[in-house]
Amino acid sequence: MEAIMALVVGALFGASVYMMLRRSIVKLVIGLILLSNAANLLIFTVSGLTRGAPPLIPEGMQMPDGAWADPLPQALILTAIVIGFGVLAFAVVLIHRAYEVVGEDDLDQMRSTDT
Amino acid sequence: MLIAVLSGFILAAFAPWLTRAFGDKAGWLLAILPASLFVYFASFIPAVSEQGAVVLEYSWIPGLDISLNMLVDGLSLLFALLISGIGTFIITYAGGYLRGHEYLPRFYGIMFSFMAAMLGLVLSNNLITLFVFWELTSITSFLLIGFNHEDKQARWCALQGLLVTVAGGLALLAGLVMIGITAGSFELSEVLAGGDVLRDNPLYTAIVLLVLAGCFTKSAQVPFHFWLPNAMAAPTPVSAFLHSATMVKAGVYLMARLNPGLGGTDLWLYLLGIVGALTMFTGSFMALRSTGIKAILAYTTIMALGTLTMLIGIGTEAAIIAAMTFLLAHALYKAALFMLAGAVDHETGTKNILKLGGLRGLMPITFLAACVAALSLAGLPPLFGFIAKELMFEATIGAPGIAFFVSLLALASAMMIAAMAAVFAIRPFTGELKETPKTPHEAPPSMLAGPVVLASLSLIFGLLGFIPAGAVVGSAVQAVYGSPLEVELYLWHGFNLPLLLSVLAIVGGVVLFLRWEQVLDTFSRMTFIDRFGPERGYEKSMDGLTWLAAWQTRTLQNGYLRTYLSVTVLTTVVLTLWAYFVRAGAPVHIGDLDFTFYELAVAGLVVVGAIVASVTSSRLGAVATLGMVGFGVALIYVLFSAPDLGITQIMVETLTVILLVLVLYRLPGFLKLSSPAARVRDAAIAGSLGVTMTLLILAVNGVTVVEPISDQLTAWSYPEAHGRNIVNVILVDFRALDTLGELFVVGLAGIGVYAMIRLRAEDKGQ
C-alpha cells in the first residue's frame, strides 16, 4: 500500500507546487493547503502504514497488544495539521487584506513593497 | 600574562568613562596601563635571555585544540615591548593631539582594543588564537582609520584597508589550518620545533602562498601596498602607532615567526626577497614624489616593510640580525617622526611640506627631535638607524642568488630615503617663515614626550649598541633564526663594502635633496603611475563586486514568487535526484502491494481532487475539490490506525472550507493570467518535484536506520504518564513544551486575523 500512497503524495506535491507557481494569489492559497496535506501524508507514509491497530492501550494493560501503529509520527502530524491551519487562516485573511489595499490579485503586480 | 594581554580590552570598556571624568588629564592617566605593561614585559628579559622561550599555558577550547597559550621568546618580547612602550607615548600624545575632540573617549576605547589585539597577536602560541587576534587588529584598525567617520574619504580608506587585509586574512586562515594539520599541532612552539616537517610536505607550496597572501596584504607589500598610504586618513596618533609598532608589522611578525618552520627554501627566498626588494624600492620612490609630511612617512614605512620582508627572505645570519635591528630602529624613528609630523600639522594647520618653512625658532624642540629621528631614518652615524642600514647592506651583499638585484635596489632606496629624511627635517624648519592657516607655536609636553624619548633612544642605542643587543635583539634573532647566534651591534665595522654603499647612499641622498624641486617637477608629469597603479585594480574589482551584487539581486531576488519557488524546487530536485541515482544507486522498495477496494478508492479520490483543484477555472469547484482532498486524507488517517489525526483533519478541513468560501467570494474570479507555455513549464517543474517525492518514499519504504524511540514512549505511556492514548500522551506530556509553543502560534495567528479584520473595519469607518 505504501507504493500507492507514494503516488498519492507525489501527485499532491506536484499539484501544490503547480498552484503556487500560478500568478493568482487565490491559487497560491490553494497550493499552500495542498502542500500542507502532502507533507503530512509524506510523514505518515514513510513511518509505515498499519491497519486496524491504533496506538491505544486497552483497559487493564500496560502496553498495546500485538502490533500497533507508530504513535510518534502521528503526534508530529497532529501538531502540523493544527499549525498548518493557523498559517492558512492567517494567510487567507492577509491575502484578502492585501487585495483590498492593492486592488490586484496578480502576484506579479505585487512586487513592490509600496502600495 | 593572560591578564596583561587582555587588560587592554578591559580598559577599553572603561576608557570612555575615565576620559570623560578626567578630561584633558586622561591621556596621562590612561598611559599608566601600557607603561606598566612595558615594565611587566621587560621583566621577562632575563628569563628569555637564558631559556630562549617561555610558554605560559591557559586553556580555552581544549576540544578543538584551541588554547590561549602564550609564547614569550625574543621575537614576541621585542614586539610586546615596542607595542606597550610606543603605545604609552601614543596614548599621552593622543591626549594632546585630540584635546577636546568630541569622540576622544571613543578613540581611547578603540585604541586600547587595538593595542590588546596586537599584543595578543604577537604573544599567542596557538595558530587559531593568533588568527583571531590578527582579524581583531584588522577590525580595530578599520575603526581607527575611519575615526573621522563624517569624512567620506576616511570611510573609503578605512574600508579599503579592511577589505585588503581581511581578504588576505582569509587566505591566511586556510594556510594556518594547513600548517596545523600538516604539523599535527596548532601550538606554534611545537610547529616550530618540528624541523623540516612543513618543508618536506607536498602541501608546502600551498601553505607558503596562503600564509604569505595574509602577510603581504597586512604588511602592505607590492602589489597590495596601496592601502597603507590611504590609512593616513586616521588621526596622527593612530598612524604613528599603526606604522611603527603595530598592524603593518603584524605581517612581518608572522613571516619572522614562521621563518624557522617555512623559511630556508628557494621559494621562500625568491618570493620574500624579490617582493620585499620591489616593495622597498616602490616605497622609496613614492616617498620621493610626495609633498605631504605624513605621506612621505607613510611611503617610507612601505620601504621599511619591504626591507624587513626582503631580509627575512634572505634568511642568512646577517640578514636576520639586520632584520631585527632594522625593525627596532624603524619603530623608534618612525613613531617619533609621525608624532612630530602630527605636531607640525597640528600647530600650523597644513600638511604640505612646500607650504612650510622657518619653524625652527618657533618649534625648537620639535626641530631638534625631528633632526635626530630623521638622521636615524637616513642612516647616518651615530644613530641606531646607521647600524641597521650597515647590517642591511651586509645582508644584501651576502644574499644567495639575488645579491646584485637586492643590493642595487637597496642602494637606490637608501639614496631616496636619505633625501626624504633631509626634506622632512630641514624644509619645514629652515628658511623664511611661511604663512600657515594657524599661527604656529611649540607643541604641548604631552605631544613632545614621545618623540623626544624615542629620538633619544635612537641616539643612545646607536652609541651603546650592546644595550638593545643584550636586552632583546639577540634573543629575537635567535627566535627567528631558529638556533642561537652571537649578536653584537656597534657603529664601526671598518672600511668595507657596506660602508662604501652607505657613503654612496648619503652622497646620492644629498644630491637628490638639493635638486628635490626638479625631481618633483619631473615626477609630477608622470601621471601614468597613478593611472595604472594596483589601486586601479582594487577599484575595478570593487566595481565588479558591486556589479555582481546588482546582477545577482536582479536575477535571483527579482520579487517574483514563482522565480524563488522554481529555483528552490529545481535545486532540491536536481540535488536530491543526483544523490538518489548517483550516490544511493536508485533503490526502490515496492513492499507489499496488498490493498482493499475502498483504500484504492480513497487514494484515487485524493489524487483526482488535487488534479481537478489545480486545473479548474471555477472557484467553487476548487474549494469543493480541496474539501474532497482534505476529507480523503482524513479517511486515510482513519483507515491506517490514526483516529486522532482523522478527527483533527476533519475538523480543520471543515473550518478551512468555510473560511475559503467566506473569503474567496470577496476576491475576483480566476483569470487566465499565464500563457500555455508558462503552464507547461510550471507543470514540468511541479511534476519533477512530485516524481522526486514518490521516488524518495519508495527509496526509504520499510528501511529502518535507527531504532525508533516510539517503543520507549509507548512503554512509558501508561506507567509514567497514566494515559492510554499514546498520541495524546506524547502531545501533552512528553512533548508538552512543543505543544505549548504550537498553542502560541495558533493564538498569534488568531490575533493576527482579528487585527486585520479590525483594521479593515476601521478603514471602512473613515
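This is a predicted model, so every value here is computed, not measured. The sequence lines fix the lettering, A, B, ..., with proteins before strands; numbering per chain opens at 1.
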For A:T45, is it the side chain, the backbone, both, or neither that has a heavy atom closer than 4.5 Å to a heavy atom of chain B? side chain

In terms of heavy-atom proximity below 4.5 Å to chain B, should A:L76 be classed as side chain, backbone, both, or neither? side chain

Pairs where residues 32-41 of chain A contributes a residue and the test salt bridge (Lys or Arg N to Asp or Glu O under 4.0 Å) is met, not counting sequence neighbours: none

Side chain A:R51, main chain B:L639, donor-acceptor under 3.5 Å: no

Any donor and acceptor pair, going by atom type alone, linking the side chain of B:S641 with main-chain N or O of A:A69 inside 3.5 Å? no

I need the contact set between residues 689-696 of chain B and chain A: heavy-atom distance under 4.5 Å, sorted by residue number. B:L689, B:G690, B:M693, B:T694

With only heavy atoms counted, which part of [X] is less than 4.5 Å from chain A, the side chain, the backbone, both or neither?
X: B:L593; answer: both
X: B:V633; answer: side chain
X: B:V753; answer: both
X: B:T563; answer: neither

Other residues, nucleotides and ligands only: do more than 12 of their heavy atoms fall within 6.0 Å of CE on B:M651? no

Say whether A:N37 and B:Q649, considering side chains only, have a donor N or O and an acceptor N or O under 3.5 Å apart. yes

